[in-house]
Amino acid sequence: MSTEPEAFKAPEPAKRTHAAGSNAGHAGADDAAIETIMIPQIEIDARVAESAGAKPVANVPDDEPAGETRIVAPGQNLLDEDLAEETLLRSTMLRSELLPKRAELPKEDNFLFVSKNRKFAPEPDAADAAQDVAPDVAPAANGADTEVALYRPVQEMPDFDDEPLEATVMGVGQFAVDEPAPADHSSFEPGYEPGYEPRYEPGFEHPDYAQPVAAEGKPLGTGTKVAVAVAGGIAILAFAGWGAAYAVAGNKIADGTKVAGVDIGGMTAAEATPLLEEKFAPAHSQPINVTAGESTTEVNPADAGLSFDAEATIEKIDAGHSWSPVKLWKHFTGGGEVAPVIKADDKLIAKVAAKVNKRAGTPFKDGDVVIKKGKIKTTQPVAGEGVSDDALRTALAGQLLVEGDRKADVPLEELTPDVDEADVREAVEKVATPAVSGPITLKFEKTPVELSPKEFGDAIRFDPKDGELQAAVASSKLKKVLKKALADDAAKPVDATVEMVNGAPKVIPAKPGVTFNQKDLEAVFLDVVTAPAGDRVVEVKSKVAKPKVTTEEAKAWGIKEMVSTFTTNFPYAEYRNVNIGRAAELVNGTVLAPGDTFSLNGIVGERTAANGFTKGWMIQNGVFREDYGGGVSQMATTTFNAMFFAGLQDVEHKAHSLYIDRYPIGREATVAWPSLDLKFKNNTKYGVLIRSWVNPASASGQGSVTVEMWSTKIWDIKTRTGERYDFKSPGKQKITDGNCENTVGAPGFSINVWRDFYNPGSGSKVNTQTFKTTYIPQDEVECTDESEKPPPPADPN
């Protein structure tokens, strides 16, 4: 009985019979002799890799036949470094990517077997060693077999050296070997063991390889144990060598690897990437001369979006750690030339191609269809000649990393239009012709709107897309069509208001409108314009839009009489006529509903040339300077006084910093965009209509501006003005920038003004408000006009 640990005992293979009773496992049945032997797993990998087309390792001994597999015989020294190295290389380097990955096996099943139908030719030393160590194993014919049999001596078998290696089939674990059925012993080859009763399995068909079965405990012979030990030792050494190869290769790029002639072998990806980027950085700024036909066009790589991608190129090489035998093989045998990865922008390539074709070729013309004023117009396609985008991209990419003069020859080829005659004909027949066949009707709730092809035709466009003309809706043009068609139907609601008509206030009634989302109409527009007669009507999802101010509300405002008026005069200056006149024009017609607040800056806006204003003199920090809107403060003062006597609530106002004698003292205001404003609130229960106008000044007379407030009178306003007090002495200034005016000095002072509220007609005072105004001193200014500008007018205000 064997004393070997159970883990080292190889089980005897089970036996299986064919349903037909024939012995397919003996010589003569399938022209193949079957025996089950154990060899190292690494050696199995090497043989199968060889059968898959892998080349033998470079360090196989010269006296060994090409393509043969060296076998380590039982009893051979397991520490033989040459044999260990050779086993490692053959088992790793010859592994094929075609081999399937093996699942892990439990230790008790960790035996490797092969059913073979050919004989391998080991070295004589290995064969002799096998006979010495395992005398209980019968040698094969002519001493050709050195593998150890697991359960009985190997029978005599014919020479199968010429059989292909693909016929050798691997298995892992415990296997069953086909044996004959006992129907007729005379049909079996010599070597049949009487007394063996095979198992019969109905429907069993002869497999292509030995079948795994459950383990059967049976002691191993001495030769078997030696072979197992030898195989295990070689496997350990082989895997140790494999690990050493893995460690040596690391994450480095294979020796001899080049990119566009730059050697990066032996480097890591982190080292090679910046090297390549630095090496080829100048290539991105050097022009490439593209020759097409008889013309040459200089192309900047950046204009075509060309760039060398070093990182992507290195990724192709796959320089990371790997246990793959194929990768390890490549690492130690050299990497060779690697094609660089060149990126390009398709849109930019198309632009460069157009540039090249403009000089070298003849542009093609796509077919087109337009509907203009209800008529169909077509443009037939025309073929052209030039360089294609693909050919140009390839040619430019091939020259990007070339040093020195860079020339790309791109052949001219026929450029066919994307939209051909058939596409034009289809667009005309399916869309354009039906569209102009008659009017369409849009229904907004109960309001129908009819549009003729002459009106809506421009809103249909045909876009070249994916090689054909696709009809679409031109949103901006459809918007214009609807605006014109719905003008009388009030597409937007109109609020009621009050206007001056023939010198008297009149309520202008509100107009309800129809609101809808144009996108809803666009979604069905093409369907209705291509529909047949009788079906060219579409309901547009819409609703009635009510005005914010109804006619009844406007009537309730009670704007019926003038409640205040105020007029100021101004001397002639053309900028005053322009600026005061423009401000009065913008304020005129303003309506304040009860609770509304008036803002002069909000209504007049910024004083710019685009808004109708010009440059004029105004006070800035106590000095008269020229700027846009000079004179608008005259409108602010006049409006303030009209508000003052209408009894409305003062919200924000500021008097001029200097006293100007043509304005009412203590009752005047100035404005400046955007910081200084005139604001007042309609704090009555009635509406207020503001009317304003200008009588321009001339060289022979003054001009005037008038502001009126119309409402329902609720106050009689009276005013009182106090004495000047708190005087301040003026100073002196000398200004040399030319943008100023000579002025004499005047003292500053303060003054109070009172506004008394009386009930109209009764004479009883109800309320009094006080307005205090402080004017700063007007310095004596000596102005030097170094810019030789013409002197300002004598009276800047």
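Values reported hereafter were calculated over all heavy atoms of this structure, with side chains retained and with hydrogens, waters and symmetry mates removed. These numbers were taken from a predicted model, which means no experiment stands behind them.
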Could you state the interatomic distance from [atom1] ([X]) to [atom2] ([Y]), rounded to the nearest 0.5 Å?
X: Phe364; Y: Asp418; atom1: CZ; atom2: CG; value: 5.0 Å
X: Asp520; Y: Glu539; atom1: CG; atom2: CD; value: 13.0 Å
X: Leu689; Y: Glu708; atom1: CG; atom2: CD; value: 9.0 Å
X: Leu401; Y: Leu306; atom1: CG; atom2: CG; value: 10.0 Å
X: Ile714; Y: Thr712; atom1: CD1; atom2: OG1; value: 8.5 Å
X: Ser542; Y: Asn517; atom1: OG; atom2: CG; value: 11.0 Å

Does the side chain of [X] pick up a donor-acceptor pair with the side chain of [Y] at under 3.5 Å?
X: Asn601; Y: Ser599; value: no
X: Thr567; Y: Ser704; value: no
X: Gln518; Y: Ser475; value: no

Under the 3.5 angstrom rule, does the side chain of [X] hit a backbone N or O of [Y] as a donor-acceptor pair?
X: Thr433; Y: Glu429; value: no
X: Arg691; Y: Met562; value: no
X: Arg576; Y: Phe570; value: no
X: Glu277; Y: Ala310; value: no

Are [X] and [Y] ion-paired here, with the side-chain N under 4.0 Å from a carboxylate O?
X: Lys555; Y: Glu552; answer: no
X: Arg461; Y: Asp463; answer: yes
X: Glu403; Y: Lys279; answer: yes

Any pair counted as ring pair (Phe, Tyr, Trp, His ring centres under 6.0 Å), so long as it reaches residues 373-395, sequence neighbours left out: none
Can you give me the closest heavy-atom contact between [X] and [Y], atom names plus distance?
X: Ala697; Y: Asn577; answer: N-OD1, 2.8 Å
X: His284; Y: Phe308; answer: NE2-N, 2.9 Å
X: Ala669; Y: Leu678; answer: CB-CD1, 4.4 Å
X: Pro287; Y: Glu298; answer: CB-CG, 3.4 Å
X: Pro282; Y: Glu278; answer: CD-O, 3.7 Å
X: Lys407; Y: Gln399; answer: O-CD, 3.0 Å

Would Lys343 and Asp309 satisfy salt bridge (charged side-chain N to carboxylate O under 4.0 Å, His left out), going step by step from the backbone distance to the final call? CA-CA 7 Å; Lys343 291 185 176 180; Asp309 193 332; 2.7 Å; yes
Do [X] and [Y] touch side chain to side chain, with heavy atoms closer than 4.5 Å?
X: Phe613; Y: Val604; result: yes
X: Phe456; Y: Leu442; result: no
X: Met500; Y: Trp710; result: yes
X: Glu421; Y: Pro381; result: yes
X: Thr670; Y: Thr637; result: no
X: Asp650; Y: Phe640; result: yes

side-chain contact (heavy atoms from CB on, under 4.5 Å) with Thr297: of Asn357, Val387, Val356, only one passes, and it is Val356
Qualifying residue for side-chain contact (heavy atoms from CB on, under 4.5 Å) with Ile508, from Val498, Asp495, Thr497, Thr551: Thr497
Measure the acute angle between the ring planes of Phe444 and Phe516, then classify it against the limits of 30° and 60° as parallel, tilted or perpendicular. tilted
For Glu311, does the CD atom sit with more than 12 other heavy atoms under 6.0 Å from it, leaving out its own atoms? no
